[in-house]
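Computed from heavy atoms alone, side chains included, the values below leave out hydrogens, waters and symmetry copies.
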Amino acid sequence: MKKIIYLLAIFFIFLNCEDVIEVDTPIGTSRLVIDASFELYLNETPITMEGGVKLTLSAPFFDKETPIVSNATVFITNLTDNSIINFTESGKTGYYTSNSIRFIPEFNTTYQLSVIYDNETYLATAQLIPTVPIDNVEQGDNTLLEGNETEVVIYFTDKRNRDDFYLFDFDFSLFLASEDRFYQGKTFNFSYFYKDMVNNRDVTIKILGIDKRYYNYSNLLIEQSEQGGGNPFQTPPAVPRGNIINTSNPSKYALGYFNLSEANRFEFTIKK
């Protein structure tokens with residue numbers, strides 16, 4: 001009996017000594033995030049150019065809202081002839097587009113993105129990267145381990161005598177990066193599996209031409225998104241460095257990427 005009383009006394013001592021422990025999460029330096037991705041659809045009539053420059057600030061991991069950046073100066077310079085296209089906020093706050101002059105990049109031409117914010121200048125350069133069409137998309141009947149996935153099979157023909165890197169956009173913020181190391185110049189197909197139910201949904205599947213550096217960057221972002229969920233191209237709080245530099249203060253670098261892609265898309269309806 002004495003042993004039981006002794007054990008109960010110890011239990012109540014520990015119970016009364018419990019305190020709420022608050023853990024301070026580290027808050028890194030807030031950085032400018034520049035999402036400047038453009039898609040040029042040369043095979044469409046009329047030619048379609050999609051994309052713009054989205055400016056935000058990085059925020060602590062547990063913050064529910066991402067700060068939007070307004071009142072920045074944004075423009076793109078064609079470094080061949082030094083012509084400038086100005087971008088202004090339109091539609092959504094923090095989203096900059098070229099309204100007065102249509103921005104249609106050309107191949108083998110270097111373009112420089114300039115963003116001036118908070119008295120600092122951020123620069124990045126890019127060239128338009130070519131792609132190939134999607135030949136066909138078919139729905140398959142294979143599944144993975146869970147058994148409830150939906151398979152689509154994508155067919156395309158790679159360009160000969162050229163090292164190509166591609167970014168596939170499967171809608172619903174689903175992406176896959178690929179390189180033509182093992183199928184250069186060949187007609188190639190692969191399966192992609194939607195894990196969520198997408199029966200009777202219309203999807204737009206895209207193939208974007210990208211360079212090797214953006215290919216590596218995309219793979220890292222996709223890997224992070226698979227670990228933590230979400231859209232990989234909505235820049236998370238901690239991401240690999242992109243191609244944007246701060247010429248005013250190099251240590252205060254920006255996050256994000258400036259990318260120009262030729263793109264093709266294929267409209268497809270997933271059936272039951």
Side-chain angles (χ1 to χ4, degrees), residues 31-44 47-58 66 68-69 72 74-78 85-99 102-107 109-115 117 122-131 134 164-179 204-225 230-236 239-245 253-265:
R31 299 189 184 277
L32 181 64
V33 181
I34 302 174
D35 178 9
S37 183
F38 295 85
E39 300 172 8
L40 180 60
Y41 295 87
L42 291 172
N43 65 331
E44 298 183 359
I47 293 174
T48 303
M49 182 66 173
E50 295 185 355
V53 180
K54 181 180 179 182
L55 301 181
T56 58
L57 293 176
S58 62
T66 301
I68 302 298
V69 172
V74 180
F75 57 92
I76 289 179
T77 305
N78 181 330
I85 298 178
N86 292 304
F87 284 64
T88 57
E89 281 186 280
S90 60
K92 298 184 297 182
T93 304
Y95 191 75
Y96 298 75
T97 58
S98 59
N99 292 328
R102 195 178 180 200
F103 175 49
I104 303 294
E106 299 177 347
F107 291 112
T109 302
T110 301
Y111 295 89
Q112 178 177 270
L113 170 70
S114 300
V115 176
Y117 171 70
Y122 300 84
L123 300 179
T125 58
Q127 289 193 349
L128 179 65
I129 305 299
T131 190
I134 296 176
D164 284 308
F165 300 86
Y166 302 108
L167 180 65
F168 289 89
D169 181 346
F170 294 96
D171 225 336
F172 314 114
S173 298
L174 299 171
F175 299 89
L176 175 70
S178 178
E179 61 174 318
T204 301
I205 299 175
K206 303 177 182 179
I207 179 172
L208 283 64
I210 59 176
D211 62 16
K212 184 176 182 179
R213 183 174 179 181
Y214 193 58
Y215 165 80
N216 293 329
Y217 179 84
S218 300
N219 268 329
L220 289 173
L221 288 184
I222 292 169
E223 181 180 349
Q224 286 189 1
S225 71
N231 180 355
F233 295 94
Q234 292 177 347
T235 310
V239 297
R241 293 279 295 274
N243 63 344
I244 302 168
I245 60 173
Y253 58 86
L255 303 176
Y257 214 97
F258 174 40
N259 177 64
L260 302 173
S261 292
E262 182 191 8
N264 281 281
R265 50 191 163 196

Problem - N-O pairing of R265 and E44 below 4.0 Å - result: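 Counted as a salt bridge, because a side-chain N and a carboxylate O are separated by less than 4.0 Å.
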Exercise for the section: Would you please test E89 and K54 for salt bridge (charged side-chain N to carboxylate O under 4.0 Å, His left out) and show each step? Expected result: CA-CA 9 Å; E89 281 186 280; K54 181 180 179 182; over 6 Å; no
Exercise for the section: Mind telling me whether Y166 and F168 have parallel, tilted or perpendicular rings, with 30° and 60° as the class edges? Expected result: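 F168 vs Y166 ring planes: tilted.
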Exercise for the section: Classify the angle between the aromatic ring planes of F87 and F38 as parallel (below 30°), tilted (30 to 60°) or perpendicular (above 60°). Expected result: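 F87 vs F38 ring planes: perpendicular.
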Exercise for the section: Show your reasoning for whether side chain to side chain contact (heavy atoms under 4.5 Å, CB included) applies to T131 and N264. Expected result: CA-CA 8 Å; T131 190; N264 281 281; 3.4 Å; yes
Tell me, do [X] and [Y] make a side-chain contact under 4.5 Å, heavy atoms counted?
{"X": "I104", "Y": "L40", "value": "yes"}
{"X": "M49", "Y": "F103", "value": "yes"}
{"X": "N78", "Y": "T109", "value": "yes"}
{"X": "N99", "Y": "T88", "value": "yes"}
{"X": "I76", "Y": "Q112", "value": "no"}
{"X": "L113", "Y": "V115", "value": "yes"}
{"X": "K212", "Y": "N216", "value": "yes"}
{"X": "Y117", "Y": "V69", "value": "yes"}

Does [X] use its side chain to pair, donor to acceptor, with the backbone of [Y] at less than 3.5 Å?
{"X": "R241", "Y": "Y253", "result": "no"}
{"X": "S261", "Y": "G209", "result": "yes"}
{"X": "T97", "Y": "G52", "result": "no"}
{"X": "Y96", "Y": "A72", "result": "yes"}

Which heavy atom of [X] sits nearest to which heavy atom of [Y], and what is that distance?
{"X": "Y214", "Y": "S37", "value": "OH-OG, 4.5 Å"}
{"X": "L260", "Y": "P105", "value": "CD1-CB, 4.3 Å"}
{"X": "P130", "Y": "D164", "value": "O-OD1, 4.5 Å"}
{"X": "E106", "Y": "L128", "value": "O-CB, 3.9 Å"}
{"X": "V33", "Y": "S58", "value": "CG2-N, 3.7 Å"}
{"X": "N43", "Y": "A263", "value": "OD1-O, 4.1 Å"}

[X] side, atom [atom1]; [Y] side, atom [atom2] - distance, nearest 0.5 Å:
{"X": "L55", "Y": "I68", "atom1": "CG", "atom2": "CD1", "answer": "9.0 Å"}
{"X": "L42", "Y": "F107", "atom1": "CG", "atom2": "CZ", "answer": "5.5 Å"}
{"X": "L174", "Y": "I222", "atom1": "CG", "atom2": "CD1", "answer": "10.0 Å"}
{"X": "I245", "Y": "L123", "atom1": "CD1", "atom2": "CG", "answer": "5.5 Å"}
{"X": "E39", "Y": "K206", "atom1": "CD", "atom2": "NZ", "answer": "4.0 Å"}
{"X": "L167", "Y": "L176", "atom1": "CG", "atom2": "CG", "answer": "8.0 Å"}

Handout entry: Sole candidate of N259, T110, D211 that passes side chain to side chain donor-acceptor pair (under 3.5 Å) when paired with Q127
Key =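 So, applying the side chain to side chain donor-acceptor pair (under 3.5 Å) to Q127 and each of N259, T110, D211, only T110 qualifies.
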Practice task
In sequence, state the C-alpha distance, the side-chain angles, and the governing distance for L57 and R31, and then conclude on side chain to side chain contact (heavy atoms under 4.5 Å, CB included).
Solution key: CA-CA 6 Å; L57 293 176; R31 299 189 184 277; over 6 Å; no
Exercise for the section: Start with the C-alpha distance between I205 and I134, add both sets of side-chain angles, then the distance that settles side chain to side chain contact (heavy atoms under 4.5 Å, CB included), and finish with yes or no. Expected result: CA-CA 9 Å; I205 299 175; I134 296 176; 4.0 Å; yes
Practice task
Apply the ring-ring contact (aromatic ring centres under 6.0 Å, His included) test between Y217 and each candidate in F258, F175, Y257; give the one that qualifies.
Solution key: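 In the set F258, F175, Y257, the residue that makes a ring-ring contact (aromatic ring centres under 6.0 Å, His included) with Y217 is Y257.
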Practice task
Report yes or no: is the cationic atom of K92 (NZ for Lys, CZ for Arg) closer than 6.0 Å to the six-membered ring centre of Y95, at no more than 45° off its axis?
Solution key: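 The answer is yes, since K92 meets both limits relative to Y95.
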